[in-house]
Structures are given as structure tokens and as C-alpha cells.
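Quick notes on the structure that follows.
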Number of protein chains: 2
Amino acid sequence: MGRSVAVDNEDRQRRLPAGRKAKLAAYVAETGEVTVTDLAERFGVSIDTIRRDLDQLSADGVLVRTYGGAVSQSSISRVDRTVDVRLTLEKHEKEQIAKLAAALVKDGSVIMMNGGTTTLAVARNLRDHRDLTVATNSLLVPPALPESTIREVYVFGGAVRTLSLTTTGPISLPSAGGADLDVSCDLALIGVGAVSVEGGYTTSNLADAAMMREMISRAARVAILADSSKFGRRLFAQVADLAAADYFVTDTAPPPDLVRALRENEVELITPDATT
Amino acid sequence: MGRSVAVDNEDRQRRLPAGRKAKLAAYVAETGEVTVTDLAERFGVSIDTIRRDLDQLSADGVLVRTYGGAVSQSSISRVDRTVDVRLTLEKHEKEQIAKLAAALVKDGSVIMMNGGTTTLAVARNLRDHRDLTVATNSLLVPPALPESTIREVYVFGGAVRTLSLTTTGPISLPSAGGADLDVSCDLALIGVGAVSVEGGYTTSNLADAAMMREMISRAARVAILADSSKFGRRLFAQVADLAAADYFVTDTAPPPDLVRALRENEVELITPDATT
DNA sequence: CGCAGAACTGCACGACTCTGCCGTCTTTAG
DNA sequence: CTAAAGACGGCAGAGTCGTGCAGTTCTGCG
């Protein structure tokens with residue numbers, strides 16, 4: 001089948017799948033949203049090849065695979081930069097985690113929560129609880145807490161990270177006397193950025209890590225929340241060793257080495273399908 | 001019938017259910033309240049599909065399903081129920097006040113703002129400013145501040161009033177050393193609940209009044225914001241005497257006795273029609 | 001030069017998802 | 001109480017996904 005010029009281009013692309021994938025990624029980044037059939041037509045290859053390419057690019061984190069096509073990573077964060085769309089990334093998983101984490105909370109207890117989409121989902125899922133005292137460094141958690149469930153809510157003061165809408169700084173709450181009072185809680189709910197056997201719980205921001213660490217040190221029990229995309233990764237700032245947690249809440253079973261390490265450190269693994 | 005270009009776009013969207021749901025969620029978040037039929041028409045799919053989408057999004061906690069449609073998560077929470085409703089009450093007046101108050105803010109200065117719908121409107125109207133440092137006791141002000149205008153944002157910690165989403169307690173910011181640092185600012189923007197000649201500036205909540213009073217004491221200049229509905233009224237807790245302010249920003253000219261009292265206390269009256 | 005192995009591509013088949021339609025039941029409004 | 005609108009559940013068609021298989025091209029090696 002000889003189309004004079006077009007064939008040349010297509011042939012070159014066909015011989016360099018890496019090059020085609022690069023162009024494909026660029027095209028997705030440009031348009032923001034593409035379908036498999038459209039791409040197959042545009043690049044002159046079969047639908048199957050496009051699907052395989054998209055799967056690989058998705059595995060590499062370049063784009064986000066959806067049913068029937070893909071959307072660019074940036075368009076997802078741009079659509080709803082404030083909150084919701086990072087949620088859509090692992091929306092379902094986060095909701096699962098949130099329900100499990102909410103089950104750990106006892107009525108009438110005092111809990112601390114750090115910022116992040118996962119803990120935000122937890123806040124929404126506390127609607128069946130009563131008489132909770134909540135302390136957080138997130139500006140989004142208080143509005144998300146159902147009014148009927150809370151006794152009191154406290155926000156830790158400090159500098160605000162405008163991107164995540166969380167405060168940073170040492171934990172302290174001002175008292176009327178002048179000197180700050182020390183606080184502690186029954187349960188700390190900490191959403192982390194990554195979990196690995198060697199690195200423990202890590203996150204990408206140093207101030208956030210410090211805040212989490214303080215919450216952990218003031219809690220009688222600690223629950224770490226992380227979805228499955230965070231397994232085996234290690235980020236900039238360490239929050240704590242694996243042993244610092246009492247519960248590790250996630251959506252799917254972690255890799256075997258992590259499961260073993262958690263068990264050795266006496267961390268209770270909580271997943272949707274697992275028995276207690 | 002065949003709309004030439006539009007059909008193409010719609011077809012592409014139709015092929016990406018995930019993308020459609022993301023747009024749908026964004027649309028609901030924007031408008032706050034939608035009906036199924038409206039969405040079906042707008043997105044070019046059947047009512048059934050929209051209903052299924054809404055059910056899923058509801059299950060994921062992105063929105064709240066209602067009979068015949070859905071409402072955004074935020075609109076059901078106190079954020080908009082209290083704030084937005086009150087905002088719409090004297091929306092136009094508050095916007096006028098906000099613009100005038102924003103004009104008082106100098107680029108590069110440090111300002112403090114208390115909570116409330118009026119100061120929230122001010123925060124939105126700071127979009128043309130640069131290098132501002134803002135300290136507030138409102139959880140709603142930081143998200144409302146345009147990102148390009150702010151250098152740093154601080155939130156005072158403390159107990160959260162769930163209705164107004166403000167923190168209460170003494171003003172202090174935790175420092176690394178342990179002891180809290182004293183803070184002060186160039187300008188305090190204080191929205192009050194009532195203004196009268198005898199009572200001065202008053203508000204209905206004691207803790208709020210204490211917070212305002214502290215902000216005033218730490219500011220080089222003080223601007224009091226109040227719409228015309230607050231003239232001549234007196235509420236529970238006094239914030240300060242009339243003389244405590246440097247500027248009094250409102251939407252229409254106050255009654256003569258108040259104008260006279262302000263002049264006697266050397267408070268500059270700022271209204272839309274008035275000359276500077 | 002010939003050959004084995006790996007990677008890429010297209011195709012086929014079964015399973016799944018999405019979508020619209022229909023009938024029935026529930027809720028809402030008058 | 002009645003009628004309209006919406007919700008719920010089942011169903012079938014179309015599109016998509018996942019997997020296995022065969023053919024082709026490229027690479028490394030004898």
C-alpha cells in the first residue's frame with residue numbers, strides 16, 4: 001500500500017515506537033482528553049497498539065487512563081485545582097480508606113487529622129459519629145465535618161501552605177493565660193505520601209512531615225492512611241518509621257515485604273477485604 | 001439534527017465517560033445545584049446516564065444526591081449555607097465596601113482580617129495587589145485570596161466556631177523555639193456586627209469580639225467595615241470605641257449623629273460616593 | 001550468512017462496561 | 001386522592017478491555 005509521503009512518516013513512526021509514544025504523550029498533554037479510536041486514526045496504527053501505549057504511559061504516570069481513552073495529567077489538576085480532582089484520581093480507593101478509618105474512631109474521643117484528600121474524605125465519613133473533638137492543621141477539614149458529629153474543632157495556627165490549604169508550624173493552641181497548653185489525643189489519622197519498608201512513612205514536604213510527626217507523638221493510637229499507589233515509594237521527608245503506627249489503613253493488600261515489615265512492627269493492617 | 005462542529009465535540013465527550021463525570025462534578029460544584037434533566041440536556045446524554053453518574057459521584061462523596069438532581073458537597077455544608085446566603089443578602093453593598101477596603105491596602109504591607117462575609121469579599125478583591133502578608137482567624141479567607149497577590153498567609157489557631165468557620169482564642173503564632181512570637185501589622189480590616197454612637201463597634205459573639213480587639217491592638221492602622229444595615233444597632237459584645245478606628249468603610253452615608261461622632265473621633269469615613 | 005530470541009504489531013475471542021429504553025414502584029405537588 | 005415526575009431494576013446493543021496467538025522486524029551470536 002503505497003501512499004507516497006504519508007507512508008514515509010508512518011513507517012518512521014512504526015519503526016520507532018518510543019518516538020510514537022512520545023508524540024502521543026505530547027498530543028494528549030496538548031488536547032487534554034483523547035479517545036483511543038481518535039488516536040489510532042491519527043497515528044495510523046491499530047487500536048490495540050494505542051491501548052498498549054496508553055497503558056504504558058499510564059503506568060509511567062505520564063497520563064491518566066480512562067475508559068475509552070485517556071486524559072492528561074495536567075488537565076486533571078487544572079480542572080479543579082482546589083480540592084476535588086486529586087480526589088478523582090483514586091476517588092474510590094480513598095472512599096474505601098475513609099470508611100475504614102472512620103470505623104476506628106470511637107464516639108466521644110479526641111482525634112487529630114492532618115491535611116490531604118484522604119483525611120478530607122475521612123472527615124466526610126464521620127457523619128455517624130457523635131461527640132468528637134477534632135484538631136487539625138487543614139483548613140478544609142472543619143467545613144467537611146458534619147455538624148452533628150462534632151463537639152469541638154480546633155485548628156492549629158501557623159503559616160498557610162496555599163496549595164494544600166494546610167497550616168505549618170509547631171503544634172500549640174493559645175490559651176487565655178498566655179502560655180500555650182499542651183494537647184494530646186486518642187487517635188491520630190495521618191495521610192502520608194509514600195510508604196516503604198526502608199523509608200517508613202514519608203511525604204514530600206518538610207513542614208508537613210514535622211506536623212505529622214508532632215501529631216503522632218501526641219496520640220495514644222496512630223492510624224496511617226495510604227492508598228495503594230503509595231506503596232514502595234519514598235519521598236523527601238520522613239514522618240516516622242513503620243513501627244510508629246498502630247494501624248495501617250489502605251485499599252488493597254500491600255506487597256509481601258511491606259506486609260511482613262508491618263507485622264514485625266506490630267502494625268495492624270486494615271484493608272476492605274481483610275478480616276479484622 | 002446535525003450541528004457541524006458541536007457534534008464532534010460532544011461525540012468525543014461521549015466516548016469518555018470518566019471525562020464527562022469529571023466535567024459534571026465540576027459543573028455541579030460551580031452551580032451548586034442541578035437537575036437531572038438539565039444535565040442530560042447539557043451533556044447530550046440520556047437522563048438515565050446522568051442519574052447513574054450522579055449516583056456514582058454521590059457514592060464517592062463528590063456531591064450529594066437529591067430528588068431530581070444533586071447539590072454540591074460544599075453547598076450543603078455550612079460553608080455556603082451560612083456564608084453564601086448571608087453574602088447574597090447584601091451582596092452588592094458588600095462588594096462596594098470590599099472594593100473600598102481593598103483600596104486601603106498597600107502593596108507589600110502586612111494586614112490582619114477577621115472572619116465574616118464582608119472581609120471575605122475584601123479578600124477576593126485583593127487580586128490586583130502584590131506581596132501581601134495576611135493573617136486571619138477565618139478559615140475561608142486563605143482559599144479566597146488570589147494566589148498571585150500573597151506573599152505569606154497565616155491563620156491564628158484555636159477553637160473553631162463551626163457556624164462562621166473562624167477560630168477563636170488569643171492571637172499567637174507558634175514558633176520553632178516554643179514560645180509564641182508577638183505579631184503586629186500595618187492594617188487591620190475588621191468587619192463588625194453593629195455600630196452605634198454609644199456602643200461603638202459591637203458584635204454578637206464574645207470570643208469574636210476578643211479576637212477583633214486583639215487585632216486592633218496590634219495594628220498600626222485600623223479599618224472598620226460595616227454595611228448600612230448595621231447602623232445604630234448595638235450587639236452583645238463591644239469590640240472597641242468609635243475612636244479605635246482610623247477608617248470606617250461602608251456603602252451609604254450613616255445617620256448624621258454617627259457621622260458627627262466619627263468626625264469627632266477623627267475616624268475617616270469612606271463611602272462609594274464620598275470624596276476621599 | 002544463518003539462526004534464535006526479543007520486541008512490536010495486528011487480529012480474534014470472550015468478558016466487561018457503558019448506554020439507552022422500558023416497565024414498575026415511589027415520591028412529590030396540587 | 002390523583003397525576004406527574006423521578007427513582008429503581010432489568011434488558012439488549014454497541015463499544016471497549018484483556019488475553020492469547022501469529023506474523024514481522026530488529027538484534028545479538030555462532
Side-chain angles (χ1 to χ4, degrees), chain A residues 1-3 6-25 27-28 31 33-60 62-72 88-93 95-96 228 252, chain B residues 1-2 6-25 27-28 31 33-60 62-72 76:
Chain A
M1 340 223 269
R3 291 191 212 108
V7 163
D8 276 351
N9 285 336
E10 287 181 5
D11 274 352
R12 266 180 215 155
Q13 290 180 6
R14 191 170 303 169
R15 298 214 173 129
L16 292 177
R20 183 194 61 237
K21 281 200 288 188
K23 283 181 182 167
L24 200 154
Y27 180 70
V28 173
T31 56
E33 180 178 323
V34 292
T35 66
V36 172
T37 53
D38 176 33
L39 288 174
E41 196 174 320
R42 193 173 295 268
F43 285 86
V45 293
S46 77
I47 294 176
D48 302 74
T49 302
I50 293 294
R51 284 204 293 111
R52 276 185 278 249
D53 288 345
L54 290 182
D55 287 341
Q56 290 179 21
L57 290 172
S58 173
D60 295 341
V62 179
L63 46 79
V64 178
R65 191 80 166 81
T66 69
Y67 190 91
V71 295
S72 81
T88 63
L89 279 182
E90 288 99 16
K91 199 168 35 182
H92 184 59
E93 289 79 0
E95 278 300 312
Q96 283 186 313
S228 54
T252 58
Chain B
M1 315 294 273
V7 163
D8 277 351
N9 286 334
E10 287 180 6
D11 273 351
R12 269 181 209 154
Q13 288 181 9
R14 193 172 303 171
R15 299 237 172 98
L16 286 182
R20 182 195 61 237
K21 280 199 288 187
K23 287 190 171 71
L24 201 153
Y27 180 71
V28 174
T31 56
E33 179 180 333
V34 293
T35 65
V36 173
T37 52
D38 174 34
L39 289 175
E41 194 173 327
R42 190 174 296 269
F43 286 88
V45 294
S46 77
I47 295 175
D48 302 74
T49 301
I50 292 293
R51 190 178 300 118
R52 276 185 276 249
D53 287 345
L54 291 181
D55 287 342
Q56 290 178 22
L57 291 172
S58 171
D60 294 337
V62 179
L63 47 78
V64 178
R65 193 81 166 78
T66 65
Y67 194 89
V71 296
S72 76
I76 204 176

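Computed over heavy atoms, backbone and side chain alike; hydrogens, waters and symmetry mates excluded. The chains referred to below are lettered A, B, ... by the order of the sequence lines, with proteins before strands, and numbering in each begins at 1.
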Between atom CG in Asp53(A) and atom C1' in dG18(D), what is the gap in whole Å?
16 Å

Check whether any side-chain nitrogen or oxygen of Thr49(B) sits under 4.0 Å from OP1 or OP2 of dG20(C), and answer yes or no.
yes

What integer distance in Å separates Asp38(A):CG from dG15(D):P?
16 Å

In whole Å, what is the span from the CZ atom of Phe43(B) to the P atom of dC18(C)?
17 Å

Inter-residue atom distance Asp38(B).CG - Ile47(B).CD1, 0.5 Å rounding
11.0 Å

Tell me, please, which residues at least two apart from Gln56(A) pass side chain to side chain donor-acceptor pair (under 3.5 Å).
Lys21(A)

Closest-nucleotide 5' rank along DNA chain D - winner of Thr35(B) and Asp48(B):
Thr35(B)

Taking atom P of dG20(C) as reference, at what distance in whole Å does atom CG of Leu39(B) sit?
13 Å

Distance, nearest 0.5 Å, that separates OG1 of Thr35(A) from CZ of Arg42(A)
9.0 Å

Closer than 4.0 Å, any side-chain N/O of Arg52(A) to the OP1 or OP2 of dC17(D)?
no

Where the side chain of Thr37(A) is defined as all heavy atoms beyond and including C-beta, which of dT16(D), dC8(D), dG20(C) is the nearest nucleotide?
dT16(D)

From CG (Leu24(A)) to CG (Leu39(A)), nearest 0.5 Å:
5.0 Å

Whole-Å distance separating the CD1 atom of Ile47(A) from the P atom of dG10(C):
11 Å

Roughly how far, to the nearest 0.5 Å, is OG1 of Thr37(A) from CZ of Arg51(A)?
12.0 Å

I'd like to know if Arg51(A) reaches the base of dG18(D) with its side chain, counting only an N/O donor and acceptor under 3.5 Å.
yes

Polar atom pairs between nucleotides 25-29 of chain C and protein, under 3.5 Å, N or O only, would you list them?
unit_1	atom_1	unit_2	atom_2	d
dT27(C)	O2	Tyr67(B)	OH	3.4

Whole-Å gap separating C1' (dG18(D)) and CG (Asp55(A)):
9 Å

If you measure from CG on Asp53(A) to CG on Asp48(A), what distance do you get to the nearest 0.5 Å?
11.0 Å

Checking Val36(B) against Arg65(B) for the side-chain contact (heavy atoms from CB on, under 4.5 Å) test, could you report, in this order, the C-alpha distance in whole Å, the side-chain angles of both residues, the deciding distance, and whether it holds?
CA-CA 10 Å; Val36(B) 173; Arg65(B) 193 81 166 78; 4.2 Å; yes

Atom CZ of Phe43(A) and atom CZ of Arg20(A): how far apart are they, to the nearest 0.5 Å?
8.5 Å

If you fit an axis to the five pairs at each end of the helix from dC1(C)-dG30(D) to dG30(C)-dC1(D), how big is the angle between those two axes, to 10 degrees?
30°

Does dT9(C) have OP1 or OP2 under 4.0 Å away from a side-chain N or O of Arg20(A)?
yes

Would you mind reading off the distance between Gln56(B) atom CD and dT17(C) atom P, rounded to a whole angstrom?
11 Å

Can you name the nearest heavy-atom pair linking Val28(B) to Val71(B), along with the distance?
CG1-C, 3.9 Å

